[in-house]
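As the structure lists them, so they are numbered: ligands from 1, and atoms in each ligand from 1. Residue numbers run from 1 in the order of the sequence given.
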Amino acid sequence: MFGLLKQSIIGRAILSGALDFEAVDIRDYSLDKHKKCDDMPYGGGSGMVMTVQPIVSATRAIDPQNRMRKIYLSPRGRVFNNTIAKELAKEDGLLLLCGHYEGVDQRALDICGYEELSIGDYVLTGGELAAMVVIDAVSRFVDGVLGSDASSEEESFSDTLGGLLEYPHYTRPAEFEGHKVPDVLLSGHHAQIKKWRMEKAKKITEKMRGE
Ligand code: 21W
């Protein structure tokens with residue numbers, strides 16, 4: 001599953017040495033003769049719970065010096081956003097634990113010091129896709145990943161817009177099936193273009209996120 005990330009921007013960043021990641025199979029750390037990593041929940045209930053031993057062993061093997069920020073992807077976690085992504089990009093390393101089944105034994109989280117992160121209020125079948133979302137969003141803030149083109153410029157621009165959503169974009173042709181690009185964008189008048197984009201950004205933010 002994580003092979004997907006080795007393509008495109010993140011893949012190029014890995015090749016350039018700006019970042020790297022590795023997927024670890026928790027089953028490799030199970031001391032059980034059948035590599036079992038789940039068991040029935042104490043107190044009853046449906047579904048299975050990931051056991052404490054493989055998680056603690058894997059965590060210690062991956063980060064013996066305990067230097068990495070430990071994050072458990074969980075539907076009950078703090079909701080991930082771009083502010084958190086920026087913050088995580090400053091870390092030397094992240095250890096992302098993907099849950100499966102109903103959840104993981106709470107002691108594994110407590111012993112290893114995992115914080116919990118959700119990517120939004122909808123239910124996935126596991127934490128892997130959530131981890132990939134976090135890796136992708138965090139990588140954009142790692143030096144040398146995006147390059148110094150328009151994209152990173154736009155990032156600082158949107159920062160100054162104070163959380164407004166993006167204005168509409170247009171490219172050639174100037175007219176398609178009678179639908180014209182707004183005149184101001186063809187005018188070359190940079191101050192007016194900036195003002196127009198700001199107004200559009202405010203309008204679209206109100207429409208999509210307003211009361
Ligand atoms: C879904 C795990 C449901 C556990 C109360 C008691 C990681 C995720 C996940 C999953 C349950 C994220 C229940 C947004 C997500 C993830 C799999 C338990 C039943 N409730 N961000 N038992 N959405 N999801 N639910 O699903 O692992 S980050």
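- Using modelled atom types, no side-chain atom of Glu128 and backbone atom of Met1 make a donor-acceptor pair closer than 3.5 Å.
- The residues lining ligand 1, counting any heavy atom closer than 4.0 Å, are Leu73, Ser74, Pro75, Tyr101, Glu102, Leu117, Ser118, Ile119, Gly120, Tyr122, Val123, Leu124, Thr125, Gly126, Gly127, Ala130.
- With sequence neighbours excluded, no residue forms a salt bridge (Lys or Arg N to Asp or Glu O under 4.0 Å) with Arg12.
- Counting only N and O atoms by type, the side chains of Thr59 and Tyr114 include a donor and acceptor under 3.5 Å apart.
- Every residue two or more places apart in sequence or in another chain was checked for a salt bridge (Lys or Arg N to Asp or Glu O under 4.0 Å) with Glu206, and none qualifies.
- Partners of Glu102 under the side-chain hydrogen bond (donor to acceptor under 3.5 Å, both in side chains) rule, at least two apart in sequence or in another chain, do not exist in this structure.
- Using a 4.0 Å cut-off between a side-chain N of Lys or Arg and a carboxylate O of Asp or Glu, Asp25 and Arg27 do not qualify as a salt bridge.
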